[in-house]
Amino acid sequence: MAGTGNLSAVLKKKGELVLEDTATPLPEKNEVQIKMHVVGICGSDIHYWLNGGIGDFIVNAPMILGHEAAGVVSALGEGVTTLKVGDRVAIEPGVPCRMCSFCKEGRYNLCPDIIFCANPPVNGSLRSFYCHDADYCYKLPDHVSLEEGALLEPLSVGVHACRRAGIRLGHNVLILGSGPIGLLSLLSAKAMGATRIIITDLDQGRLDMALKLGAHHALRVDTRDPEEMARRVEEALGCKPDISVECSGAEPSIQTGIYATKSGGVLVLVGLGPPTVNIPIVNAAVREVDIRGIFRYANCYPRALEMIASGKVDAKPLITHHFPLEKTLDAFETSRTGAGGAIKVMIHCDQ
Ligand code: NAD
Ligand code: 572
Ligand code: ZN
């Protein structure tokens with residue numbers, strides 16, 4: 001029988017985020033119960049809290065937030081043989097149907113029936129206890145912290161973006177936007193062999209973090225003229241980038257991404273802003289700049305974990321703030337405002 005005493009961060013409706021006890025779930029067949037340790041706040045959690053929805057995904061009923069998560073296995077459901085109680089795991093938050101053509105081809109992120117934490121109406125993992133399919137949990141080596149385990153989620157977005165971009169040894173790369181996703185794309189691009197990386201943002205603090213993480217050039221965006229920004233990128237790099245990865249979703253930044261990318265190169269759209277944007281499509285077409293989108297990630301957790309476990313990637317500097325679960329509202333406020341240079345805010349569920 002399910003118990004109580006499961007402190008959870010519940011978004012009741014737009015603007016109303018509360019802490020309340022929910023039922024402690026018991027693991028079903030092929031699931032594990034996880035005593036949650038840490039959950040990172042993502043921009044989408046903030047968006048659901050402030051706006052009550054993203055596009056067609058509307059919060060019509062109370063929903064537990066959180067999808068960047070890691071914890072310790074506390075119980076096993078029937079049939080679980082790959083994990084044991086006490087294992088430290090990172091949780092891949094999207095579980096697909098496993099049956100459709102997308103799942104069978106390995107592109108399970110495109111599964112129309114995927115169940116993804118904290119996307120309405122599905123509850124997330126920002127709570128004391130949470131159950132998840134065991135094969136979407138990744139055991140962490142002893143030297144990888146649970147905080148790093150939680151970072152595997154946004155790092156997987158960066159890995160998927162760089163895979164879709166085809167980043168390889170020797171590429172010059174432009175990253176547009178230095179939020180957590182831009183910064184983790186930067187780390188992924190470096191790990192995949194990019195030689196020189198230039199990054200943009202409106203905010204100097206975020207650019208300073210990008211330089212600390214190994215960007216070669218950081219350009220502050222102080223004009224809405226995308227052709228001028230593209231010229232500045234070329235001037236700083238000494239050539240046009242082979243690959244651009246757009247991580248802001250802002251219209252002028254997407255425009256800059258097209259103008260800046262070398263003819264025959266690739267622009268990956270990671271940032272999702274307004275559903276319709278005005279872009280110089282003819283410029284992209286006649287210069288054979290391929291524009292590719294991404295939707296989350298598939299098969300990226302193992303690679304992201306390997307990058308962290310090997311020491312090739314150090315994502316820890318992104319973590320700027322820590323709060324206990326009881327202070328969730330303060331944590332969300334810090335993430336929302338970026339106070340104190342906040343980049344990735346972590347909530348600790350078991351303090
Ligand atoms: P964020 O808001 O923290 O970061 C965005 C950054 O872009 C900010 O630092 C902001 O200052 C900067 N920016 C805004 N306008 C700019 C401009 N004109 N030029 C350059 N920089 C500009 O968000 P995040 O968590 O880093 O996520 C980035 C984007 O990626 C969001 O749009 C998010 O929805 C999207 N995302 C998409 C996927 C996907 O599957 N496609 C997955 C995760 C996140
Ligand atoms: O880590 C997964 C993730 N995905 C984001 C944003 C933040 N974190 N996406 C942006 C919003 N889309 S969506 O298709 N949607 C609400 C399902 O607009 C998903 C990807
Ligand atoms: Zn996210």
Side-chain angles (χ1 to χ4, degrees), residues 39-48 50-59 65-69 91-94 109-110 112 114-122 124-125 150-161 164 174-186 198-210 218-226 229-230 232-233 244-257 260 268-275 277 292-298 300-301 304 318 320 335-338 341-345:
V39 180
I41 300 179
C42 170
S44 70
D45 296 313
I46 299 289
H47 208 90
Y48 284 122
L50 296 178
N51 303 302
I54 303 177
D56 295 339
F57 289 76
I58 312 291
V59 180
L65 292 175
H67 62 269
E68 299 180 0
I91 302 165
E92 178 172 351
N109 55 323
L110 303 179
I114 194 164
I115 290 169
F116 198 94
C117 287
N119 266 233
V122 179
S125 49
L151 283 176
L152 295 187
E153 203 283 332
L155 179 57
S156 292
V157 176
V159 168
H160 189 58
R164 292 266 298 151
L174 164 65
I175 312 252
L176 301 120
S178 333
I181 296 295
L183 295 170
L184 290 164
S185 297
L186 159 72
I198 183 162
I199 191 160
T200 69
D201 206 281
L202 305 170
D203 180 84
Q204 189 58 45
R206 292 203 156 181
L207 292 174
D208 291 343
M209 175 61 81
L219 273 188
R220 205 171 69 77
V221 178
D222 59 5
T223 167
R224 280 188 72 88
D225 178 353
M229 279 311 297
R232 291 188 202 170
V233 167
S244 299
V245 184
E246 208 300 313
C247 300
S248 78
E251 181 173 282
S253 185
I254 301 170
Q255 294 166 340
T256 299
V268 171
L269 301 182
V270 183
L272 300 176
V277 288
R292 302 179 189 162
I294 71 150
F295 188 63
R296 301 179 186 135
Y297 42 75
C300 292
Y301 261 68
L318 263 81
T320 52
S335 179
R336 180 185 75 79
T337 59
I343 296 183
K344 185 54 71 182
V345 176

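Note that ligands are numbered from 1 as they come in the structure, with each ligand's atoms numbered from 1 the same way.
- Looking from atom 17 (C) of ligand 1 to the surrounding protein, the closest heavy atom is S253 CB, 3.8 Å.
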Output block, N or O contacts of ligand 2, threshold 3.5 Å exclusive:
| from | atom 1 | to | atom 2 | distance (Å) |
| --- | --- | --- | --- | --- |
| ligand 2 | 1 (O) | H67 | NE2 | 3.2 |
| ligand 2 | 1 (O) | E153 | OE1 | 2.9 |
| ligand 2 | 1 (O) | E153 | OE2 | 2.7 |

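- Scanning I181, T223, D201 for the heavy atom closest to atom 12 (C) of ligand 1 points to D201.
- Nearest protein heavy-atom neighbour of atom 3 (O) of ligand 1: R206 NH1, 2.9 Å.
- In this structure, the protein non-hydrogen atom closest to atom 37 (C) of ligand 1 is V270 O, 3.0 Å.
- In the candidate list I46, I41, L202, I199, L202 is nearest to atom 14 (C) of ligand 1, counting heavy atoms.
- Residue V157 has no N or O atom closer than 3.5 Å to an N or O atom of ligand 1.
- Between C247, P252, G177, it is C247 that holds the heavy atom closest to atom 5 (C) of ligand 1.
- In this structure, G179 has a heavy atom closer than 4.0 Å to ligand 1.
- Remark: distances from the non-hydrogen atoms of G273 to ligand 1 are all 4.0 Å or more.
- Looking at atom 32 (O) of ligand 1, its nearest protein heavy atom turns out to be L272 N, 3.0 Å.
- At least one protein heavy atom sits closer than 4.0 Å to atom 7 (O) of ligand 1.
- For atom 23 (O) of ligand 1, the nearest protein heavy atom (residue, atom name, distance) is P180 CD, 4.5 Å.
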